[in-house]
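Here's the structure we're looking at; comments come further down.
Protein chains get the first letters and strands the later ones, always in sequence-line order, with residue 1 at the start of each. Only this structure's heavy atoms are used, side chains among them; waters, hydrogens and symmetry mates stay out.
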2 protein chains.
Amino acid sequence: MMKRHYPTLAEVAKVAGVSLMTASRAINNRPGVSPEKREDILRIADEMGYVANRAAQKLTGARTRIIGVVAELHTPFTSDLLLGMGAVARAADYEMLVYSLPVCDRRPPHSIIEMLRQIADGVIVILPYESDYLESMATAHIPVVTIEQGIESAFPSVTADNYQGGCAALRHLIELGHRRIAFISGNDRLTSARDRRRAYRDVLAQARLPHDPALEVDGDFLRKSGFEAAQKLLALDDRPTAIFAANDTSAYGAIAAIREAGLSVPGDISVVGFDDIPIASQLHPQLTTVRQPLQQMARASVNLLLALIAGLDAPSEQIVLPTQLIVRESTTPLKVKRKKEEAVKVERASAGAANLAR
Amino acid sequence: MMKRHYPTLAEVAKVAGVSLMTASRAINNRPGVSPEKREDILRIADEMGYVANRAAQKLTGARTRIIGVVAELHTPFTSDLLLGMGAVARAADYEMLVYSLPVCDRRPPHSIIEMLRQIADGVIVILPYESDYLESMATAHIPVVTIEQGIESAFPSVTADNYQGGCAALRHLIELGHRRIAFISGNDRLTSARDRRRAYRDVLAQARLPHDPALEVDGDFLRKSGFEAAQKLLALDDRPTAIFAANDTSAYGAIAAIREAGLSVPGDISVVGFDDIPIASQLHPQLTTVRQPLQQMARASVNLLLALIAGLDAPSEQIVLPTQLIVRESTTPLKVKRKKEEAVKVERASAGAANLAR
DNA sequence: CAGCCGAACGTTAGCGCTAACGTTCTGTCG
DNA sequence: CGACAGAACGTTAGCGCTAACGTTCGGCTG
């Protein structure tokens, strides 16, 4: 492994026959250098393979053109978000470094933010959980933008509209004629999971449908929990005709349980997921689900952070991006036969629901 | 957002009533400080919330206790590897920062390594593709360990034994009596994919089974490619009784195609995957596959890097970790009926195969 | 043509830290 | 008891860079 010497600015300046500061000005595209000399210096710097030392830059208080990201890599979509953010950052001539948060660890991230502060110009925190993390960042002396932390955050933030997405999913089922609609929840530590649950309850209430606690089963976003939740639902005397699962993975778990019970999706039970994971359009049945605006979230968060870095004191902006219902094969209108059977039970409810369904 | 002042070492020293260097020695646990004073200084530093400035440390040539990782986040398993590596690093009192490589981009990573060099003490490169990247790192003046780059790499490296895993998968099928075994390849830009293909060919040859090019279909690790590859295989006059797919995702794609054709897995066709993705043990059928030693790879790579950082000039070590065949439901012995049909065709081959199967 | 202004440079002082030396002081031994 | 070793500190210089001042000099004005 041959060791190479990395030239310093001083060496570039010496070769170019100018002072340190002239070289610095030329390279940082600042005024005070004649065009010819600037070109000269840039050419020489390039030939010498000069790379500015960001540690030294940071030490003087200058920008490093690096943004830091704190994320839990195991959380679904985090990679997609990161890829999108990286592309946006690079387009703005910024680099991005990611700190991978240990799974389910609540240890003070104090030192993490402080570390990133010494390296980056700003930090994006992808933190699906409520956490004490954020409080300790309040004094961090560096621009911070959060993703998925929900409205209550004290920071400028970017979120997907989970509530609206959940409402759309549920209205879709109601429009299809379903009245007994179950919910398989996600991990309620996540604000996104709570918003989806809230949407379920609210839309039921708006449609004047009864809220049967037996139809609201706890899950944790995993396939297995969806499977088991669906088994519980199928065991009910009066089983649901539709299920809204808090995410696609648990939706597919539920579908597996339904099929194992000898029933079909959507023939017997309609299923809606949430997230639009890539295989949702490939697996059979193709899943009706709510798509998260990941690319827009990535773009919005980076742009917001760059604005903060540039000193635009965005007044603690909260950006909520719309989600989108994608209707595929896993939902279908309630069968008339069954509809009749149920007609009596939900008579009162129907009026409200029809109303809501326009 | 209240701004806080971060104390410098000088301020800590002043409060403690000692010189800068004494404080530095105390905090870095170096000799030359009396025990009482050391304790004093550490306590005061803690009270003041002192955090060493890594940019400044790096500038003086000292360790920052940060390792850098360059990875393509979208590649399967990268997150698992990163999580494992992060845990190992933290256990050694190191922090880890990840640079997310843009997808399929071959632009000079020159500046990436140079950037990390200014921040980290060493770099791990998770680079499934052959690439010019590595060459430019050769002069990087910083310890580098690669993962998945294959034996030919000039760097200390850690890899999974894809070849051995592929051999195990194929021997398993041969032991089950299969003679017409197809291969659905991965993206051959990846060394792992090439190794698995090589294993397929070599074991066939060792077993003196004929190598039918029609049974070797190109894929790209994606579900869709597995689906389409299987369709091609099913359309053959003399279709295979077993398929070895280069990864689990394409294996499930193949299974979907087989079922769509009205056949069953493993009843009509046995399928082996590679990777042991989490749902391989949950989806029906549970997939027979080859497990990658991700945790060991994470541990080995970090430990190797830390050794290099510590100055142990490990002589360009190449660590190859064993993979493990996990037999589940998607493979079954060849049916006797069919076996008889085929017996004539592969008569010569059988002897060799039986031999190999012990 | 003195005076002044501004562009184009150069010089100096630090950012926060550590390596490499000084300095002081105590104990110890011939 | 002088010399000397070594522990426990302090001082200095510098890592690579930039902000904030100097300095020079051509050109313009009254």
Let me know the distance between [atom1] of [X] and [atom2] of [N], rounded to the nearest Å.
{"X": "A:Arg54", "N": "C:dC15", "atom1": "CZ", "atom2": "C1'", "answer": "18 Å"}
{"X": "A:Ile27", "N": "D:dA19", "atom1": "CD1", "atom2": "P", "answer": "14 Å"}
{"X": "A:Met21", "N": "C:dG10", "atom1": "CE", "atom2": "C1'", "answer": "10 Å"}
{"X": "A:Leu20", "N": "D:dA19", "atom1": "CG", "atom2": "C1'", "answer": "12 Å"}
{"X": "B:Leu59", "N": "D:dG14", "atom1": "CG", "atom2": "P", "answer": "14 Å"}
{"X": "B:Lys14", "N": "C:dG16", "atom1": "NZ", "atom2": "P", "answer": "14 Å"}
{"X": "A:Lys58", "N": "D:dC17", "atom1": "NZ", "atom2": "C1'", "answer": "14 Å"}
{"X": "A:Leu9", "N": "D:dA19", "atom1": "CG", "atom2": "P", "answer": "12 Å"}

Candidates [options] - which lies nearest the side chain of [X]:
{"X": "B:Thr8", "options": "C:dC9, C:dC17, D:dC17", "answer": "C:dC17"}
{"X": "B:Thr60", "options": "C:dG10, D:dG14, C:dA19", "answer": "D:dG14"}
{"X": "A:Ser19", "options": "C:dT18, C:dT11, D:dT18", "answer": "C:dT11"}
{"X": "B:Asn53", "options": "D:dC17, C:dA19, C:dG16", "answer": "C:dG16"}

Would you compute the distance between atom CD1 of A:Ile41 and atom CD of A:Glu36 and round it to the nearest 0.5 angstrom?
11.0 Å
Please round to the nearest 0.5 Å and tell me the distance separating atom OG1 of A:Thr159 and atom CD1 of A:Ile147.
9.0 Å
On DNA chain D, nearest-nucleotide positions of B:Ala23 versus B:Gly61: which is more 5'?
B:Ala23
Of B:Ser34 and B:Ala56, the one whose nearest nucleotide on DNA chain D sits closer to the 5' end is B:Ser34
Indicate, with a heavy-atom threshold strictly under 4.0 Å, whether A:Ala55 touches base, sugar-phosphate, or nothing.
nothing
Is there a side-chain contact between A:Asn28 and A:Ser24 (heavy atoms, below 4.5 Å)?
yes
Do B:Tyr99 and B:Val123 make a side-chain contact, defined as non-hydrogen atoms from C-beta onward lying under 4.5 Å apart?
no
Tell me if the CZ atom of A:Arg65 is crowded by more than 12 foreign heavy atoms within 6.0 Å.
yes
[X] side-chain N/O to [N] phosphate OP1/OP2 under 4.0 Å:
{"X": "B:Gln57", "N": "C:dT18", "answer": "yes"}
{"X": "B:Lys37", "N": "D:dA8", "answer": "no"}
{"X": "B:Ser24", "N": "C:dT18", "answer": "yes"}
{"X": "B:Tyr6", "N": "C:dC17", "answer": "no"}

Taking 4.0 angstrom as the limit, do B:Arg43 and B:Glu47 come out as a salt bridge?
yes
If an axis is fit to five pairs at each end of the helix from C:dC1-D:dG30 to C:dG30-D:dC1, what is the angle between the two, to the nearest 10°?
60°
Which atoms form the tightest heavy-atom contact between A:Thr78 and A:Ala71, and what is the distance?
CG2-CB, 3.8 Å
The answer to which of B:Arg30 and A:Thr22 contacts DNA chain C further toward the 5' end, by nearest nucleotide, is A:Thr22
Donor-acceptor pair present, A:Arg25 side chain and C:dG10 base, under 3.5 Å:
yes
Scan A:Leu294, A:Ile126, A:Ile67 and name whichever one has a side-chain contact (heavy atoms from CB on, under 4.5 Å) with A:Met85.
A:Ile126
